[in-house]
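Read the structure below first, then the notes.
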Amino acid sequence: MTRLSVEMLAADTVEPITSAGHARLGIAVLLGIAVIVLLITKFKLHAFLALTIGSLALGAFAGAPLDKVITSFTAGLGSTVAGVGVLIALGAILGKMLADSGGADQIVDTILGRASKRSMPWTMVLIASVIGLPLFFEVGIVLLIPVVLMVAKRGNYSLMRIGIPALAGLSVMHGLVPPHPGPLVAIDALGANLGVTLALGVLVAVPTVIIAGPVFSKYAARWVDVPAPDRMIPQRASEELEKRPGFGATLATILLPVVLMLAKALVDIIVDDPDALVQRTFDVIGNPLIALLAAVIVGIFTLLRPAGFAKDRVSGLVEKGLAPIAGILLIVGAGGGFKQTLIDSGVGRMVLEISEDWSIPALLLAWLIAVAIRLATGSATVATVSAAGLVAPLAADMSTTHAALLVLAVGAGSLFFSHVNDAGFWLVKEYFGLNVGQTVKTWSVMETIISVVAGALPVPPSLII
């Protein structure tokens, strides 16, 4: 083994990497990411396989022994799934309960019934943001598309005036606010506090979604004036139900894990005594696993039972909710393996040393790396897990607040300019009946606005706090 390989693989190495080592590691990173991009975009390989192969390629290009690379990858995969896998599963179950019980429809119909014509774009943002808290982006789109199309058609609205705010609400929640997979993985990789990240994520999300949603939709409606396509109005889940849960019970169930996690963060700040009974109590009930598990258990009684679900149907619903996330879990796990390979090969330390030499602010560096990977792969999740792995050493000496802001910078960068290599791009195009150019003018520009605004908002707090 060469001295460089030993230097890269030694966990306790503290000496700065040489210039030659920087060059070699930099080339290895670029080639490793290029392999992932090529496999995903050119050969249409699943992101799990692409990340696995890319991790092995990265280690090989860096000159590391293959057995050590395999160990790093599998260790990273295992620790990532152990850290966020259960949370993703519980979030998927809660989302499935919300959709199949008609609870999502109940929230949508109740809010729309009280909204005026002028406030409709703002109402759509509110609906999408609330619905988007526990749901994956694709599930949220499927739930909200019928509402968007029906509101636009019956109220004679521009489709973009109604659709863009809804998409903005879903996308912002997906990229910035846990318990979505991307933010959870970034929190785990950077060692950030989930409650603090959730609180700051919500604060950043509010102005971001206003600018990218209702404000931008005025311009999007002028650029692309298209009617709602009749053929794309699918049947809603609640149309097959005789009854559905109440608005208050549904909203309380959705917000329960958020309230519990925020309460824990608040108690941690106010009490600041790990041995105090109140802090130990909230450390348990505000733990993400307990908070989401509580919401799922409560949802059985507040969502499923009122909708007339029998016990056997509840079990079947849980199975159906878990099935679609197998691919997501594997991608997230492989992303964790890729992250660990980066760290163990010395790339993380290299990024730390380069950022010090070039005086690049950590938030900007995290955002730029996530943007580059997002543009190349089209996947917000891949961009998040890869960028978080690269900048993880920067968070080692950060305060709780700064680590949370770094998570938000990574999440913001992962949303930049969705285009033809992103599945979400085609989902929006087909549902809204747009051509490629129209989708770029609306959806892609909206995603870019979200990324830039959400990436800029954490900067002032990072300079003050």
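Worth saying up front: this structure is predicted, and the values here are computed from it rather than measured. All residue numbers refer to positions in the sequence shown, counting from 1.
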remark   = Correct closest heavy-atom pair for P288 and L194 would be CG-CD1, 3.4 Å
message = Tell me whether the NZ or CZ atom of R222 lies within the 45° cone about the ring axis of Y219 and under 6.0 Å from its centre.
response = yes
key: Member of L363, T401, I187 meeting the side-chain contact (heavy atoms from CB on, under 4.5 Å) criterion with L406   = L363
query = Can you check whether A75's main-chain N or O pairs, donor with acceptor, with Q340's side chain at less than 3.5 Å?
reply = no
query = How far apart are the closest heavy atoms of I164 and G213, and which atoms are they?
reply = CG2-O, 3.9 Å
message = Given 3.5 Å as the limit, does a donor-acceptor pair link the side chain of S119 with the main chain of A115, or not?
response = no
ask   = Do S79 side-chain atoms and G76 backbone N/O form a donor-acceptor pair below 3.5 Å?
value = yes
query = Is the backbone N or O of D312 less than 3.5 Å from a side-chain atom of S315, with the two atoms forming a donor-acceptor pair by type?
reply = no
query = Among I211, T448, V172, which residue meets the side-chain contact (heavy atoms from CB on, under 4.5 Å) test with V453?
reply = I211
task = Give the minimum heavy-atom separation between G102 and P245, together with the two atoms involved.
result = C-CD, 4.3 Å
ask   = So, the side chain of T74 versus the backbone of T71: is there a donor-acceptor pair under 3.5 Å, distance only?
value = yes
Which atom of T80 lies closest to which atom of D188, heavy atoms considered = CA-OD2, 4.2 Å
K96 and E319 ion-paired at < 4.0 Å = no
ask   = Does D273 pair with R280 as a salt bridge, N-O distance under 4.0 Å?
value = no
key: S451 (side chain) donor-acceptor with A412 (main chain) under 3.5 angstrom   = yes
inquiry  = Is a donor from one side chain sitting under 3.5 angstrom from an acceptor on the other, for S217 and R161?
reply    = yes
ask   = Sub-3.5 Å donor-acceptor pair from the side chain of R305 to the main-chain atoms of I300, do we have one?
value = no
message = Checking side-chain polar atoms at under 3.5 Å, does H402 have a donor or acceptor matched by the opposite partner on S399?
response = yes
query = So, the side chain of S171 versus the backbone of L167: is there a donor-acceptor pair under 3.5 Å, distance only?
reply = no
message = Test: side-chain hydrogen bond (donor to acceptor under 3.5 Å, both in side chains). Region: residues 245-263. Which pairs qualify, not counting sequence neighbours?
response = T253-T302
note = Heavy-atom closest pair (P257 atom, A295 atom, distance to 0.1 Å) is CD-CB, 3.6 Å
query = Does a donor on one side chain and an acceptor on the other come within less than 3.5 Å for W443 and S418?
reply = yes
Carboxylate-amine/guanidinium contact K264 D283, below 4.0 Å = yes
query = Which residue pairs pass the ring pair (Phe, Tyr, Trp, His ring centres under 6.0 Å) test with at least one member in residues 247-267, sequence neighbours excluded?
reply = none
query = Residues in side chain to side chain contact (heavy atoms under 4.5 Å, CB included) with T341, at least two apart?
reply = S55, L58, V69, S72, F73
key: Sub-4.5 Å side-chain heavy-atom contact between V271 and F282   = no
note = For A212 and I450 the tightest heavy-atom approach is CB-CG1, 3.4 Å
